[in-house]
Each structure stands twice: as C-alpha cells, then as structure tokens.
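In what follows, a structure is listed as structure tokens, so that the remarks can point back to it.
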Amino acid sequence: MAFVLGLVLGVFVGLGLVVGFVKSENARSKRRADLAATIAAFARMTVEDSRKILPPQYYPSWVVFSQSQKLTWLNQHLTKIWPYVNEAASDLIKASVEPVLEQYRPIILSSLKFSRFTLGTVAPQFTGISIIEDGGTDGITMELEMQWDGNQSIILDIKTRLGVALPVQVKNLGFTGVFRLILKPLVDEFPCFGAVCFSLRQKKKLDFTLKVIGGDISAIPGLYSALEGTIRDAVEDSITWPVRKVIPIIPGDYSDLELKPVGILEVKLVQAKELTNKDMIGKSDPYAVLYIRPLRDRMKTSKIINNDLNPVWNEHFEFVVEDESTQNLVVKVYDDEGLQASELIGCAQMRLSELQPGKVKDVWLKLVKDLEVHRDNKNRGQVHLELLYCPFGMENGFTNPFAPDFSMTSLESVLKSRTNGTEATESEQAATQKRKEVIIRGVLCVTVISAEDLPATDMVGKSDPYVVLTMKKSEMKNKTRVVNESLNPVWNQTFDFVVEDGLHDMLIAEVWDHDTFGKDYMGRCILTLTRVILEGEYKESFELDGAKSGRLNLHLKWMPQPIYRDT
C-alpha cells in the first residue's frame with residue numbers, strides 16, 4: 001500500500017514539475033520576444049521620433065541632431081581651445097613651411113625666412129563636415145570645410161642679392177577650403193587610432209596682400225609677384241593633397257601613411273582644334289601647359305605653334321602620380337603674346353581614376369574658361385591627348401605594348417631605373433647600363449577605302465575629291481586618284497610607308513577637291529600610330545576636321561621591325 005501511494009505521489013509531483021517548467025519557459029520566451037520587439041522599434045526610431053518622446057530641454061548639451069548644430073558645437077569648442085592651438089600649431093607650421101619657402105626662393109633673393117609667425121586670436125570656422133566612405137575598415141577619413149578670415153601676424157625677413165634686407169608683412173589673409181583628416185590605423189588602445197594625417201584637400205580661395213614694413217614693395221620691380229608665387233608654391237608643396245602631414249599618437253611605424261609616388265602617367269599631346277582666336281590681327285599662337293600638381297618644377301610646357309587655331313604638337317610628357325584616385329591631369333592652352341603675359345584660351349582636366357592601367361586612352365577634351373565653372377557653353381576648342389598610366393609594382397602584371405620583351409615603365413624609355421626605390425633585378429641592371437631606347441620601326445600600310453557625305457565645292461553641287469597621305473616626321477607623301485563628281489567617292493587604294501620612329505610619327509590624311517586651275521581644301525584627319533602599333537591593324541571611319549561634313553574610311557595595318565639604339 002505504501003509503495004502504491006508513493007508511486008502515485010511521485011507521478012503527480014513529476015507532472016507538476018514538468019508543467020511548471022513548461023510554463024516558466026513559455027513566460028521567458030514571451031519576455032524575450034517582447035524585448036526584441038522593443039529593441040527593433042528603437043532601432044527603427046528616427047531623430048524626429050525621439051524628439052516627440054523627449055523634449056529638447058531634457059537632452060544633455062553634447063547631444064545634437066542637425067548639421068548646423070554639430071558645426072555650432074564644433075566651432076564653439078574650437079574657439080575655446082584656439083589660444084592653445086595657435087601656440088602649438090604656429091611653431092609646427094613655421095618649421096614645415098620655411099624649408100619649402102627656401103626651396104622656391106626667387107632668384108632675386110639671397111635669403112627668405114620667417115621672423116614672426118602666429119595664427120592670431122580669431123579661430124577658423126567650419127562650414128561643413130562629412131565622412132568619406134573609402135571601402136576600407138582600417139581608418140576613418142573626414143573632410144572639414146573651413147573658412148578663415150583671421151588676424152594672423154606673419155612677417156618675412158627677406159634679403160636681396162644686393163644686400164638689402166626688408167621685412168615683408170603678409171596681410172589680409174583670407175582662406176576657404178576643405179581639410180582632410182585621416183585617423184589611421186584603428187587600434188584597440190585608447191584613443192583607438194595610431195596616427196592623425198591632415199592635408200588641404202581642396203583650396204577654393206587663398207587671398208593675401210604683401211606690404212614692406214616702413215616702405216613700398218613696388219620699389220623693387222618684380223618682387224611682389226615673385227614672393228606671391230613663392231608663397232602659393234609653398235602652400236601647394238607643403239600641405240596640399242596628396243601631400244599629408246602625419247602626427248603619431250601611439251608610437252609605431254607609420255611610413256605607409258606618408259606621400260609616395262605610385263606610378264607614372266605618360267601623356268602624348270597630339271593636337272587641338274577650333275581654338276578661340278585671341279588676336280586682333282592674324283591668329284593665336286597657342287601653346288599648352290600640362291600638370292598634375294601645379295608646381296613650377298612639375299609643369300610641362302609645349303612648343304608654340306604660330307598663327308594657327310588648329311595646332312599639331314605631337315609631344316610627349318611624363319608625370320609622377322601620387323594618388324590616382326583623386327588626382328587629375330590639367331591642360332591649359334594659352335595664346336603667346338611675346339613680352340606680354342600670355343592669354344588663356346581654355347583649360348580642361350582628366351581624372352586619373354578613369355584610366356585603366358596599362359591601356360592607352362585616346363581622348364578629346366573640351367576646353368572651358370574655368371575648371372570650377374561647370375556651365376560653359378561657349379566653344380573654346382578641343383585638345384587631343386593619348387594617356388597611359390603605369391602604376392609601380394605592376395611591371396610583372398603587364399608588358400610594354402611597344403616593347404613586349406621588357407617590363408613597362410614608360411612609352412619611350414623602358415629600361416630605366418625604378419623611381420619608387422625598389423631594387424632592379426640583375427638582368428634589368430645589366431640592360432640599364434646599356435641605356436637603350438626602343439625605336440618603333442616598321443611598315444605602315446594605309447588603305448584609303450572611301451569617303452562619305454563630303455561637302456560640295458563645285459558650282460554644280462559636286463566635288464572631285466582625292467586624298468593626300470603624309471607622314472609628318474619623314475614628310476613622305478602619297479595621294480589617291482581623283483574621283484570625278486562625287487560626294488561619296490570610293491578609292492580602295494593601298495599605300496605603304498616605311499616608318500623609322502612610329503612612336504613619334506603621325507599620319508595626316510587630307511581631302512582635296514581637284515579643279516582644272518587649282519584645288520580646294522575639304523578637310524583632314526590626323527592619326528597617331530599608337531593604336532595601330534598596339535592592335536596590329538584596324539578599320540575606322542574618321543570625321544573630317546575643318547569641314548562642315550564628311551567622313552573618311554581607312555584601314556591601317558602595322559608590320560613591326562623593332563630595333564634598339566644606344567643613347
């Protein structure tokens with residue numbers, strides 16, 4: 001009996017425990033579901049929702065919402081700490097800028113240095129802030145838009161070659177631009193980043209005046225413009241992106257954050273067309289200035305083509321690239337005025353990020369009055385470029401299309417010392433000692449197929465067209481037969497040209513109208529040999545320059561005979 005009673009009680013107690021456990025678990029599950037729903041609701045809540053729940057007066061002073069409130073908070077605290085920033089930053093800026101000033105010192109001066117440098121008591125004001133998403137997780141990049149009209153005290157001590165010492169004051173300094181701040185690398189140690197990098201990402205305005213204390217700066221001809229150019233070059237070369245200043249916060253090696261060349265940009269300035277005429281008598285005398293960074297020793301200038309609105313330069317230039325993701329190639333075309341200052345015809349730029357490494361890009365860029373003004377409908381002409389970007393460290397990834405047996409570093413000089421500081425291989429060192437230059441020699445076969453929609457030059461509304469082919473460097477010429485009374489002539493004639501230096505030669509195809517007592521010019525197209533050297537052969541329809549209408553259909557084929565000459 002006792003056994004049966006114990007068994008029954010055990011069953012009931014066990015069932016009770018099971019039921020209690022199930023109810024407890026259900027209650028816990030419900031609480032977890034409710035908590036998850038609450039957290040999800042808070043995650044979906046916007047700033048406006050939080051303002052409805054809790055009035056602004058209950059928030060602490062450091063909690064802000066709008067962009068303007070953030071900037072106000074930032075500017076207020078910057079004003080408070082500015083006296084300390086002024087004391088610390090003045091010496092740092094003076095120490096970093098003074099050697100650059102000496103580097104760009106005008107030739108008329110024997111000495112140029114600061115005698116006084118303070119940032120003043122008026123703090124700059126931040127007018128915008130943004131976080132840059134670069135796809136990386138090893139740092140934080142911020143851009144701060146800043147406006148500064150301060151009361152800086154900057155005095156330069158200069159000494160001329162004649163031994164005259166002058167104190168020059170930099171006054172009325174006004175600046176507007178964007179500073180980039182990089183916190184990198186992120187670490188698990190307070191303050192959670194190893195170093196701070198800062199740089200002037202964009203210089204929108206930099207105005208200042210120069211005054212000799214107790215004298216007149218105009219007493220020395222050319223001094224004002226020379227000093228102004230030196231100061232602007234110093235700013236460009238010391239803190240303007242991609243130059244960056246690295247300040248270690250936690251001890252470590254941060255050499256990877258410093259400015260380093262990353263590649264070479266090869267530029268062929270081919271030609272320009274339909275340039276604006278700046279001269280009252282005759283035509284403009286155009287030349288081009290090209291640069292990536294506007295420093296005097298890095299800017300390249302083409303030759304001057306006199307009295308021509310459709311100049312052909314066919315010149316090569318090489319530029320060091322330091323940040324292909326943000327840098328641009330800038331081209332400015334001027335009209336030479338002799339002893340007077342040259343007049344700008346137009347300018348254009350090309351983003352290096354749009355170039356594919358190891359691939360030649362053929363582009364026509366429209367000239368505008370100002371690179372900062374996006375709306376410019378006036379026709380100022382176009383400039384024709386061929387571009388090739390060769391990054392360092394990728395020599396094994398692709399080869400020079402003009403000399404496949406050698407690693408690519410340049411369109412013209414493929415056997416040169418590496419400029420990025422890496423050691424060359426033994427074979428490269430042996431080849432470099434011979435200093436050979438690649439000469440692209442071969443036979444160019446040109447088939448003049450046909451033309452379409454040529455302009456009528458005769459009284460009867462027809463033309464008698466023929467084509468003259470000219471190699472610019474060797475001046476070899478060939479011409480097709482005349483097709484009478486046709487605006488869509490078909491020739492199908494092939495001509496061979498022996499080319500001694502294909503990299504620097506050009507093919508000029510001119511269409512003329514044959515008359516009994518003369519000839520009329522109808523248009524032309526100018527071709528470099530880069531594409532046919534790379535592709536071997538191609539067929540293309542080219543628009544005629546200098547004509548109201550018309551296209552010329554050509555087939556080009558290249559048969560290479562590469563040779564090497566010692567230089």
*Any side-chain heavy atom of D335 sitting closer than 4.5 Å to one from D285?*
yes

*Starting at OG1 of T230, measure out to CG of D237 and round the result to the nearest 0.5 Å.*
12.0 Å

*State, with a plain yes or no, whether a side-chain heavy atom of R232 is found less than 4.5 Å away from one of P294.*
no

*How far apart are the C-alpha atoms of N151 and T121, what are their side-chain angles, what is the distance that settles it, and do they pass the side-chain hydrogen bond (donor to acceptor under 3.5 Å, both in side chains) test?*
CA-CA 7 Å; N151 59 348; T121 58; 2.9 Å; yes

*Is the number of heavy atoms from other residues, nucleotides or ligands within 6.0 Å of CZ (R351) greater than 12?*
no

*To the nearest 0.5 Å, what is the distance between OG (S353) and OH (Y389)?*
11.0 Å

*Verify side chain to side chain contact (heavy atoms under 4.5 Å, CB included) between I264 and F392, making sure each step is shown before the conclusion.*
CA-CA 8 Å; I264 295 293; F392 296 140; 3.9 Å; yes

*Which atom names give the shortest non-hydrogen contact between L119 and N86, and what distance separates them?*
N-OD1, 2.9 Å

*Distance from S199 atom OG to D323 atom CG, nearest 0.5 Å?*
10.0 Å

_Flag if over 12 foreign heavy atoms under 6.0 Å of NZ, K303_ = yes

*If you look at every heavy atom in Y254 and P248, which pair is closest and at what distance?*
CE1-CB, 3.9 Å

*Can you name the nearest heavy-atom pair linking G502 to L529, along with the distance?*
O-CB, 3.6 Å

*Name the orientation class of the two ring planes belonging to Y334 and Y287 (parallel below 30°, tilted from 30 to 60°, perpendicular beyond 60°).*
parallel

*Is the count of non-hydrogen atoms from other residues, nucleotides or ligands lying under 6.0 Å from I107 atom CD1 greater than 12?*
no

*Please examine the side chains of T240 and V235, heavy atoms only from C-beta on, and report whether any two atoms are closer than 4.5 Å.*
yes

*Residue K273 excluded, over 12 heavy atoms near NZ under 6.0 Å*: yes

*asked:* Taking CD in E87 as the centre, count heavy atoms belonging to other residues, nucleotides or ligands within less than 6.0 Å. Is the count above 12?
replied: no

*Thinking salt bridges, do R531 and D362 make one under a 4.0 Å N-O criterion?*
no

*asked:* Show every salt bridge (charged side-chain N to carboxylate O under 4.0 Å, His left out) that has at least one partner inside residues 238-253, sequence neighbours left out.
replied: none

*Run the numbers on E315 and V267 for side chain to side chain contact (heavy atoms under 4.5 Å, CB included), then give the verdict.*
CA-CA 8 Å; E315 295 187 58; V267 179; over 6 Å; no

*Should L355 and M350 count as side-chain neighbours, where that means a heavy-atom distance under 4.5 Å?*
yes

*Might you work through the side chain to side chain contact (heavy atoms under 4.5 Å, CB included) test for V312 and I526, ending with a clear yes or no?*
CA-CA 9 Å; V312 178; I526 299 177; 3.3 Å; yes

*Could you tell me which non-hydrogen atom of V122 sits nearest to which non-hydrogen atom of G150, and how far apart they are?*
CB-CA, 4.0 Å

_From D297 atom CG to Y291 atom OH, the distance as rounded to the nearest 0.5 Å_ = 14.0 Å

*Would you call I249 and V196 a side-chain contact if the rule is heavy atoms closer than 4.5 Å?*
yes

*Test side-chain hydrogen bond (donor to acceptor under 3.5 Å, both in side chains) on E386 and T530 and set out the steps.*
CA-CA 9 Å; E386 284 185 352; T530 305; 2.5 Å; yes

*Of all the heavy-atom pairs spanning K205 and D149, show the shortest one and how long it is.*
NZ-OD1, 4.3 Å

*asked:* Minimum heavy-atom separation for E98 and K113, please, with both atom names.
replied: OE2-CB, 3.3 Å

_Determine whether V170 and Q152 satisfy the following criterion, side chain to side chain contact (heavy atoms under 4.5 Å, CB included), listing intermediate values before the conclusion._
CA-CA 8 Å; V170 182; Q152 306 87 351; over 6 Å; no

_Does R293 form a salt bridge (Lys or Arg N to Asp or Glu O under 4.0 Å) with E322? I'd like the steps, not just the answer._
CA-CA 10 Å; R293 293 181 62 192; E322 290 147 328; 3.5 Å; yes

*Taking W82 for its side chain and G120 for its backbone only, find out whether a donor-acceptor pair lies under 3.5 Å.*
yes

*Taking only Lys NZ, Arg NE, NH1 and NH2, and the carboxylate oxygens of Asp or Glu, determine whether E337 and K278 approach each other closer than 4.0 Å.*
no

*Consider only side-chain N and O atoms of S284 and D279, and report whether a donor and an acceptor are under 3.5 Å apart.*
no

*Residue pair K211 / T209, side-chain heavy-atom distance below 4.5 Å*: no

*Indicate yes or no for a side-chain donor-acceptor contact from D207 to the backbone of N172 under 3.5 Å, with no hydrogens or angles considered.*
no

_So E236 and K203, do their side chains get closer than 4.5 Å, heavy atoms only?_
yes

*Could you grab the distance from atom CD of E228 to atom CG of L206, nearest 0.5 Å is fine?*
9.0 Å

*More than 12 non-hydrogen atoms from neighbouring residues, nucleotides or ligands closer than 6.0 Å to NZ on K94, yes or no?*
yes

*Among L367, L371, V383, side-chain contact (heavy atoms from CB on, under 4.5 Å) partner for C347*: L371

*Side chains of L269 and L385: closer than 4.5 Å at any heavy-atom pair?*
yes

_Distance (rounded to the nearest 0.5 Å) between L144 CG and S130 OG_ = 7.5 Å

*According to the interplanar angle, ranging from 0 to 90°, do the rings of F114 and F117 count as parallel (below 30°), tilted (30 to 60°) or perpendicular (above 60°)?*
perpendicular

